[in-house]
Amino acid sequence: MKFKTLSVHAGQRLDPQTGALTTPLYQSSTFSYFTAEEGKARFSGQNPGFIYSRFANPTTAELELKLAAMEGADEALVVASGMAAVSAIMYALADSGDEVAFVDPLYGGTDAFLKQTLVRAGITISRYGSDQELLDNISPATRVVLFETVTNPNLKVIDPRKVVAAAKKVGAVTVCDNTFLTPYLLRPLELGVDLVMHSGTKYLGGHGDIIAGVVAGRSELMAKVRTVALKHIGSPIGPQEAYLLQRGVKTLPLRMDAHLHNAGKVAEFLDAHPGVKKVIYPGLASHPGHQVLGEVSRGFGGMVSIELEGGFEACARFLDKLELFTQAVSLGDLESLACHPASTTHAAMSGEARAAAGVSDDLVRLSIGVEDADDLIADLKQALQD
Ligand SMILES: *Cc1c(COP(=O)(O)O)cnc(C)c1O
């Protein structure tokens, strides 16, 4: 089946008891097993029935089937947040003495987790400045390689094919944070990536009302990640959030088409505006990653970043004048959002690390929503006026 059909139908069955069309919300912590013998069978895995919502929940289980189909994965796991996903992946796949490599930059929270917390497990973190640098210099001790296809917040394009080739040289597992593109635009597993993860909070949820994380991939890797995420770290998603996520995911293709359309129009407008120093949007032919992303992805995403001359003060003047765009972190919502990463999402990084990752004080990140493009452009235009 095609992607739009999968988003609506995959993983969903009519409720056998009531015929309910949509996945029911099973708001229950525990599931009774009627006889002691059955309890024994459930714990040994002989009976696949539900036990306890930290291990598995029927609402979440249907959502996981849908997401696995959308990613082209054997299996998907839904957890409490994107950070719960990344931490479970790392603790499941890296041991003390191993090296975890990443292509700079990463989401600020992921960067902080690797450098401040994962290192305490005796794991070495190695930074590579680009996909090419990784391919040329990957260390043989590397066990896991983490990257984002379109990086946050400066929208650099990392070629998943190069990361896969680099990892192959040393037998490392590749992990792609696909939050910015979603499986509608890019399915990393089809390019040989081992695990794909998301902040489900963003485009997958799409309505700015939940925090969620997703991991998908081959069964043997997923089994390890599932055990660590749910049984050891203990970060299941709540059934209510799972319900809202499955509801959001059904309209992912429709929303992404609207985000793409608007982002293209906004980028074109900003590119022609003399008050904008630089427009960073992979959909512009001038973007260094334009061709690569065009080859692997069905679209260029809904995020547009710009640089304004004059650092924090100039950006603050622009942000404070915006009326339709809301100043907030997060992205992928129906509403257009704007933020200044250097003073917010990436403030925890040192100035040096920010400079190396290309997060300058002049940078403003725009998450382009699904409003009418003309209204968004009018708002940007008035905010750029002196
Ligand atoms: C938001 C985000 C995360 C973290 O996800 P949470 O749901 O906030 O925990 C990870 N990676 C990227 C690219 C993100 O945008």
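All values below come from the heavy atoms of this structure, side chains included, with hydrogens, waters and symmetry mates left out. For ligands, and for the atoms within them, numbers begin at 1 and follow the listed sequence. These numbers were taken from a predicted model, which means no experiment stands behind them.
- For A84, the heavy-atom gap to ligand 1 stays at 4.0 angstrom or more.
- Nearest to atom 8 (O) of ligand 1 among the protein's heavy atoms is Y107 OH, 3.9 Å.
- For M197, no nitrogen or oxygen atom sits less than 3.5 Å from a nitrogen or oxygen atom of ligand 1, counting backbone and side chain alike.
- Protein heavy atom at the shortest distance from atom 14 (C) of ligand 1 is K202 NZ, 3.0 Å.
- Of all protein heavy atoms, the one closest to atom 6 (P) of ligand 1 is G82 N, 3.3 Å.
- Under the 4.0 Å criterion applied to side-chain N and carboxylate O atoms, E133 and K162 are not assigned as salt-bridge partners.
- Classification of R42 and E38 as a salt-bridged pair holds, one side-chain N sitting under 4.0 Å from a carboxylate O.
- Nearest-heavy-atom check against atom 11 (N) of ligand 1 across L106, T179, D177, V150 picks out D177.
- Side-chain contact check for S336 and E371: at least one donor-acceptor pair (N or O, by modelled atom type) lies under 3.5 Å.
- Comment: D74 does not engage R218 in a salt bridge, judged by the lack of any side-chain N to carboxylate O separation of less than 4.0 angstrom.
- Backbone and side-chain nitrogen or oxygen atoms of N152 are examined, and none is located within less than 3.5 angstrom of a nitrogen or oxygen of ligand 1.
- Of the residues listed (T149, L186, L155), the one engaging F180 in a side-chain contact (heavy atoms from CB on, under 4.5 Å) is L155, and it is the only one.
- Under a 4.0 Å N-O distance rule, the pair E190/R187 qualifies as a salt bridge.
- Atoms of ligand 1 lying under 4.0 Å from at least one heavy atom of A212, given by number and element, are 7 (O).
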